[in-house]
Amino acid sequence: MTVVQNRSPFQVALVVRPPLTGVVALALTHIRAAPVEMQISEVGRAGCDFAVLDEAAADGGLRGAIAEMVKSNRPVLVLVRNHGMQGALSAIGLGATEILRVPFDPAELVIRASQAIHRTTGHLPELDGDVKVGKLHVDVTNGHIAMNGSATHLTPLERGLLYVLIANAGRVVSREDIIDCVWGADAEPNSNLVDRHIRDLRRKLQDDWRRPNVLATMRGQGYMVPITD
């Protein structure tokens, strides 16, 4: 096994529905990849080393995009939604190198992406555990999210929720989009699921909702991690 070091970043074609786009892009920075958002019709001719394609954003172009990538031995990871096996089996049938069901742990995306790259190139990308977003440090290798050098113990679900918001720092993420990214089809309908977990996160992070450093409430819209130095 060879780890690729000191090379230019992997160029990754990204066709993913927001706000999941931010989650995928942040996860890929852990393997020093450079995601490039584009339309599904551009994937085959963009010349990227790797592609992450969301079946929900493919607009009927998934087959052609995968075929063009596979033709030149470039790996493709397809994100499928949690609606039985059909989406996963369809992606496999189209030639996807890897599939990953939404919702997912960002660390799993890093593993699957690394595996896809290794399978087609024989090399593993170099892993960068610590990624900084404002005051927060995200380390996918051990699941820690730290602020000011201190990593509060979070449950996997709390960590996933915070990761979604960090990945979209500076942008409001609606409750519906948070549920899609974190709970998927397992969410309780018509509940205050997101609000309850945001309250728990604020308590653990000692973040005052009136003067938030990490989690800001955008009334009637959703939640946001403000961009701060």
Side-chain angles (χ1 to χ4, degrees), residues 14 16-30 37 52 54-57 79-88 99-110 131-140 142-148 150-228:
L14 208 60
V16 179
R17 190 170 69 181
L20 201 59
T21 315
V23 176
V24 173
L26 180 57
L28 290 174
T29 61
H30 292 290
E37 293 184 52
V52 178
D54 181 354
E55 64 168 0
L79 302 176
V80 298
R81 286 320 201 261
N82 193 8
H83 46 59
M85 295 178 62
Q86 190 55 50
I99 58 168
L100 185 59
R101 194 179 297 279
V102 180
F104 55 82
D105 184 329
E108 185 66 21
L109 175 62
V110 172
V131 174
K132 187 173 185 293
V133 181
K135 293 181 178 179
L136 295 161
H137 287 260
V138 180
D139 187 345
V140 76
N142 57 26
H144 286 173
I145 298 176
M147 184 173 67
N148 301 324
S150 175
T152 303
H153 173 72
L154 303 175
T155 67
L157 195 148
E158 290 167 345
R159 193 165 59 242
L161 170 54
L162 184 55
Y163 199 98
V164 170
L165 295 171
I166 293 170
N168 291 278
R171 297 191 292 271
V172 180
V173 185
S174 71
R175 290 169 176 80
E176 293 75 19
D177 282 338
I178 290 172
I179 287 174
D180 179 56
C181 291
V182 179
W183 284 274
D186 293 330
E188 305 167 26
N190 304 316
S191 71
N192 63 343
L193 189 65
V194 175
D195 306 279
R196 292 200 315 264
H197 283 85
I198 289 288
R199 283 198 298 270
D200 290 341
L201 271 175
R202 281 188 170 133
R203 177 176 52 78
K204 288 188 175 184
L205 297 170
Q206 298 182 346
D207 195 41
D208 187 343
W209 66 271
R210 291 160 296 194
R211 293 181 296 278
N213 287 315
V214 182
L215 299 171
T217 300
M218 310 305 289
R219 192 172 298 277
Q221 301 178 63
Y223 295 98
M224 179 178 72
V225 168
I227 296 177
T228 54

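Because the structure is predicted, anything quoted here is derived from the model rather than measured.
I198 contributes atom CD1, which lies 7.0 Å from atom OG1 of T217 (distance to the nearest 0.5 angstrom). Rounding to the nearest 0.5 angstrom, the gap separating the CG atom in L79 from the CG atom in L109 is 7.0 Å. Distance check: R171 CZ to M224 CE gives 11.0 Å after rounding to the nearest 0.5 Å. Atom-to-atom distance recorded for I145:CD1 and Y163:OH is 8.0 Å, nearest 0.5 angstrom. With values rounded to the nearest 0.5 angstrom, L162 atom CG is found 10.5 Å from T155 atom OG1. Put simply, CZ on R175 and CG on L193 are 11.5 Å apart, with the number rounded to the nearest 0.5 Å.
Judged purely by distance below 3.5 Å, without hydrogens or angles, the side chains of N168 and Y223 never pair a donor atom with an acceptor atom.
In summary, of the residues considered (I166, L165, L205), a side-chain contact (heavy atoms from CB on, under 4.5 Å) with V214 occurs for L205 alone.
Proximity of a side-chain donor or acceptor of D207 to a complementary backbone N or O of N213 within less than 3.5 Å is detected. The closest donor-acceptor contact from the side chain of R202 to the backbone of L215 lies under 3.5 Å. A donor-acceptor pair under 3.5 Å links the side-chain atoms of R159 to the main chain of G143, judged by distance alone. A donor-acceptor contact shorter than 3.5 Å is absent between the side chain of S174 and the backbone of G222. Between the side chain of D139 and the backbone N or O of H144 there is no donor-acceptor pair closer than 3.5 Å. Under a 3.5 Å cut-off, the side chain of E158 and the backbone N or O of H197 do not form any donor-acceptor pair.
Taking every heavy atom of both residues into account, A216 and P226 meet most closely at CB-CG, 4.0 Å. The two atoms that bring P106 and V140 nearest to each other are C-CG2, 4.1 Å, heavy atoms only. Summarising the geometry of R101 relative to A88, their closest heavy-atom pair is NH2-CB, 4.0 Å, with the distance given to 0.1 Å. The two residues P19 and V173 have their closest heavy-atom pair at CG-CG1, 3.8 Å. The two residues V164 and C181 make their nearest non-hydrogen contact at CG2-CB, 3.8 Å.
For the pair R199/N192, a side-chain contact is recorded, criterion being any heavy-atom separation below 4.5 Å from C-beta on. The shortest distance between side-chain heavy atoms of V138 and T29 does not fall below 4.5 Å.
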Residue pair W183, L157: steps toward the side-chain contact (heavy atoms from CB on, under 4.5 Å) verdict: CA-CA 9 Å; W183 284 274; L157 195 148; 3.3 Å; yes
Stepwise side-chain contact (heavy atoms from CB on, under 4.5 Å) test for V16 and E37: CA-CA 8 Å; V16 179; E37 293 184 52; over 6 Å; no
Candidate pair L14 and L28, rule side-chain contact (heavy atoms from CB on, under 4.5 Å), full reasoning: CA-CA 10 Å; L14 208 60; L28 290 174; 4.3 Å; yes
Derivation of the side-chain contact (heavy atoms from CB on, under 4.5 Å) call for R81 and D180: CA-CA 9 Å; R81 286 320 201 261; D180 179 56; 3.3 Å; yes
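By the neighbour-count criterion of 12 heavy atoms within 6.0 Å, atom CD of Q206 is sparsely surrounded, having that number or fewer from other residues, nucleotides or ligands.
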